[in-house]
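Working notes for the structure below.
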Protein chains: 4
Amino acid sequence: MAMMRADARRNRARVLDAAETVLARDGLAASMREIAEVAGVGVGTIYRQFPTKEALYQAIVEDRMRRLADRAGELATAEDPGAAFFEYFTTIVADSTMKKVLVDALAVAGIDAKAGSPDIKGAIETLLTRAQRAGAVRGDVGMEELLALLSAACLAAQHHHWDEGLRTRTLAVVFDGLRPARGEAAHV
Amino acid sequence: MAMMRADARRNRARVLDAAETVLARDGLAASMREIAEVAGVGVGTIYRQFPTKEALYQAIVEDRMRRLADRAGELATAEDPGAAFFEYFTTIVADSTMKKVLVDALAVAGIDAKAGSPDIKGAIETLLTRAQRAGAVRGDVGMEELLALLSAACLAAQHHHWDEGLRTRTLAVVFDGLRPARGEAAHV
Amino acid sequence: MAMMRADARRNRARVLDAAETVLARDGLAASMREIAEVAGVGVGTIYRQFPTKEALYQAIVEDRMRRLADRAGELATAEDPGAAFFEYFTTIVADSTMKKVLVDALAVAGIDAKAGSPDIKGAIETLLTRAQRAGAVRGDVGMEELLALLSAACLAAQHHHWDEGLRTRTLAVVFDGLRPARGEAAHV
Amino acid sequence: MAMMRADARRNRARVLDAAETVLARDGLAASMREIAEVAGVGVGTIYRQFPTKEALYQAIVEDRMRRLADRAGELATAEDPGAAFFEYFTTIVADSTMKKVLVDALAVAGIDAKAGSPDIKGAIETLLTRAQRAGAVRGDVGMEELLALLSAACLAAQHHHWDEGLRTRTLAVVFDGLRPARGEAAHV
DNA sequence: TATGAATGAGCGTTCATTCAT
DNA sequence: AATGAATGAACGCTCATTCAT
């Protein structure tokens with residue numbers, strides 16, 4: 001049974017990988033058949049793990065969210081809170097570029113990530129607060145607009161296939177806007 | 001024949017209007033039949049004007065782009081170039097929120113506006129240049145990252161239904177990042 | 001438009017015919033594709049007329065019911081009420097044999113004919129009452145058991161492909177049971 | 001190996017029971033998975049005993065037929081052959097009502113019982129002959145029409161959920177038709 | 001031997017597109 | 001020129017059956 005489980009788990013992973021790939025390529029039009037073919041399994045195998053197409057999409061979103069939350073958790077104890085904050089922002093956007101269309105496709109499908117499940121929101125909030133205390137980010141920036149900026153960058157990066165140069169230059173503007181004006185005191 | 005032309009033109013406009021409406025309401029799932037019904041014509045009539053669904057979408061995008069370019073043209077001679085620039089940015093984003101699903105739907109459909117046709121790009125570039133000359137925008141911001149920021153804001157505004165408050169606060173950060181650091185000299 | 005209607009009507013009839021045929025052959029397992037093929041139309045054409053498979057089945061039942069009611073109406077003024085009554089019973093059963101599996105298939109599908117819509121029930125009741133008044137049928141036989149006998153004969157005739165001989169001999173028994181015992185007075 | 005056999009036999013019985021239950025509840029739509037779950041075995045175990053779904057259905061029919069034949073055997077030595085005959089007829093129909101959907105489902109599935117295997121036919125023929133000899137049933141009624149009447153009553157009882165009152169009144173007509181006309185001599 | 005994960009043909013249904021009217 | 005009926009490929013999903021464990 002443990003061996004069976006191993007098979008099933010491997011298939012589940014293969015399906016999730018294939019779904020990400022196909023979703024990235026075909027957007028929302030991705031069909032279950034196509035995903036099954038790329039995964040190298042029958043469509044029935046997908047449906048054994050995920051009762052509907054939407055459930056599969058949900059699983060992908062949750063998968064990504066969990067990974068992003070994990071990364072945020074790691075950075076939450078970094079020495080330089082400002083650097084950690086901006087690095088996290090950059091990494092997420094860069095990641096989105098690779099997995100292009102994904103978040104966006106999912107969002108259009110109505111399976112909106114709402115810019116993150118509670119745990120990821122909490123993780124980001126920690127990074128933000130620490131960065132603000134360290135004086136690396138303006139104190140009057142709230143979570144809502146931060147998530148709006150993050151989401152916007154991700155969406156655009158995916159849509160337009162931002163290359164590294166463009167990403168760097170564009171985020172530079174955003175980061176400049178996030179940094180305290182000279183003279184603003186850190187919370188220390 | 002002139003009469004015919006008038007008929008055809010009226011039909012074309014009716015179809016485009018209906019398509020925008022239906023697309024806004026149903027997103028990508030909009031069907032040609034639904035559009036035809038809303039337009040009050042038969043599906044065949046749509047196909048007379050637009051050979052494929054994609055062509056219809058393209059036409060909508062171009063339509064919108066032309067209107068945006070027109071607005072940019074008007075602002076190009078405004079007295080305060082900085083205000084004109086930021087107003088244009090804000091207006092486009094606000095507009096996207098209203099017509100939500102549209103740009104995004106089109107983008108997902110692969111009919112990407114590429115952040116604008118030459119027309120609109122030129123119009124925006126004029127606004128940018130004038131704002132930079134007036135010292136209202138940093139001189140080292142290029143068209144590419146400006147369009148990236150604009151597109152990002154539009155996409156996110158649509159996806160997440162930014163309300164006015166969120167839009168204002170989020171754009172405030174972006175605009176802060178776009179403004180020259182104190183001490184930077186205007187090009188005048 | 002009248003011409004179009006003619007086309008549509010012809011197709012509707014073709015679909016109904018094909019559906020009866022295929023249902024008779026394959027029972028409930030009949031697929032829409034098969035019906036479409038037999039009808040010589042695309043599946044979409046069926047769906048234009050009948051929004052679901054169940055609606056198609058319903059239409060067939062109603063079609064048959066209407067025809068049966070019509071025949072009952074004709075016999076309602078026959079000179080010999082007893083002969084009319086037994087002829088009607090026989091005819092319906094014989095008809096069921098030809099269209100075998102149909103009623104039964106529909107019944108299983110949950111689209112039960114309930115042994116007849118109101119109008120057919122009324123028509124049969126007229127035949128029964130007239131036959132009873134003429135002393136050809138026992139006065140203590142009610143509509144409920146009459147319909148039960150009729151339905152039973154139809155179902156069995158379909159299931160087991162009664163040939164004419166078997167039908168005659170079997171109905172002879174039923175008819176004997178329906179006739180008044182000697183000495184029972186007619187209502188005249 | 002004897003132990004194995006016991007296991008297999010128990011499984012076979014469990015599957016047959018489950019199949020009857022599920023078939024009665026879900027009609028033809030019953031799935032092998034559902035049957036397996038109710039039986040508490042894996043689907044593979046069903047396939048070990050019954051090579052196809054149809055074979056399983058066949059086995060159920062044979063199972064029922066055997067039980068009916070057994071009952072007929074018991075009644076074959078009853079004191080009052082006429083009463084035994086009509087009781088058997090009534091019992092079978094009443095039984096069909098309870099197990100509704102079953103016979104009918106099977107029949108629709110094309111696994112027709114042909115109104116009985118040789119076994120049951122023989123048993124019924126004995127009852128009929130004895131009843132005819134006793135003068136309780138007309139001598140000119142043959143097996144073929146008797147089975148036709150029996151099958152018809154069963155089918156209709158299932159389809160339309162005959163309650164006891166309707167069953168009694170309907171069978172009364174049939175039984176009246178089966179009884180000898182006054183004056184017909186018994187075969188004694 | 002028994003299990004249930006995997007398979008894929010097939011189902012009901014939709015909809016972009018064509019074409020007879 | 002305009003209509004909308006017809007088409008059929010493609011979709012999401014189910015389930016009888018097979019086979020690795």
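Per chain, numbering begins at 1; letters A, B, ... match sequence-line order.
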Report task. State the CZ-CZ distance between B:R12 and B:R48, to the nearest 0.5 angstrom. Result -> 13.5 Å
Query raised in the report: So how far is it from D:D26 CG to D:T21 OG1, rounded to the nearest 0.5 Å?
Result: 10.5 Å
Side chains of residues 29-42 of chain B: which donor-acceptor partners sit under 3.5 Å, not counting sequence neighbours?
from, atom 1, to, atom 2, distance (Å)
B:S31, OG, B:E34, N, 3.1
B:E34, OE2, B:R25, NH2, 2.5

Query - A:Q49 CD to E:dT7 P, straight-line distance once rounded to whole Å - result: 11 Å
Report task. Can you sort out the partners of D:T52 under side-chain contact (heavy atoms from CB on, under 4.5 Å), two or more places apart, ordered by chain and number? Result -> D:E54, D:A55
For nucleotides 15-17 of chain F, tabulate all protein N/O to nucleotide N/O atom pairs closer than 3.5 Å, reporting atom names and distance.
from, atom 1, to, atom 2, distance (Å)
F:dA16, OP1, D:K53, NZ, 2.8
F:dA16, OP2, D:M32, N, 2.7
F:dT17, OP2, D:Y47, OH, 3.2
F:dT17, OP2, D:K53, N, 2.9

Query raised in the report: By salt bridge (Lys or Arg N to Asp or Glu O under 4.0 Å), which residues pair with C:D63, not counting sequence neighbours?
Result: C:R66, C:R67
Report summary line: Stem ranges of DNA chain F by first residue number, counting only runs of at least 3 Watson-Crick or G-U pairs under 3.5 Å, come to E:2-21 with F:2-21
**Report entry** Side-chain heavy atoms of D:F50 within contact of D:I60, under 4.5 Å
**Finding:** no
Report task. Please report, rounded to the nearest Å, how far the C1' atom of E:dA16 is from the OH atom of B:Y57. Result -> 10 Å
Query raised in the report: Given F:dA2, is OP1 or OP2 found less than 4.0 Å from the side-chain N or O atoms of B:N11?
Result: yes
Requested in this report: Report yes or no: does C:Q49 contribute a side-chain atom to a donor-acceptor pair with the main-chain N or O of C:L56 at less than 3.5 Å?
Outcome: no
**Report entry** For A:E62, all residues meeting side-chain contact (heavy atoms from CB on, under 4.5 Å), sequence neighbours excluded
**Finding:** A:Q58
Requested in this report: Send over the distance from B:E37 CD to F:dT3 C1', rounded to a whole Å.
Outcome: 13 Å
Report task. Please report, rounded to the nearest Å, how far the C1' atom of F:dA10 is from the CD atom of A:E34. Result -> 12 Å
Query - Sub-4.5 Å side-chain heavy-atom contact between B:R14 and B:N11 - result: yes
Report task. Could you tell me the separation between the CZ atom of D:R48 and the P atom of F:dT18, rounded to a whole number of Å? Result -> 13 Å
Requested in this report: Specify the separation, in whole Å, of atom CD1 of C:I35 and atom C1' of E:dT13.
Outcome: 14 Å
Query raised in the report: Nearest-Å distance, CG (A:L56) to P (F:dC11)?
Result: 15 Å
Requested in this report: Nearest whole angstrom, please: distance from the P of E:dC19 to the CD1 of B:I46.
Outcome: 18 Å
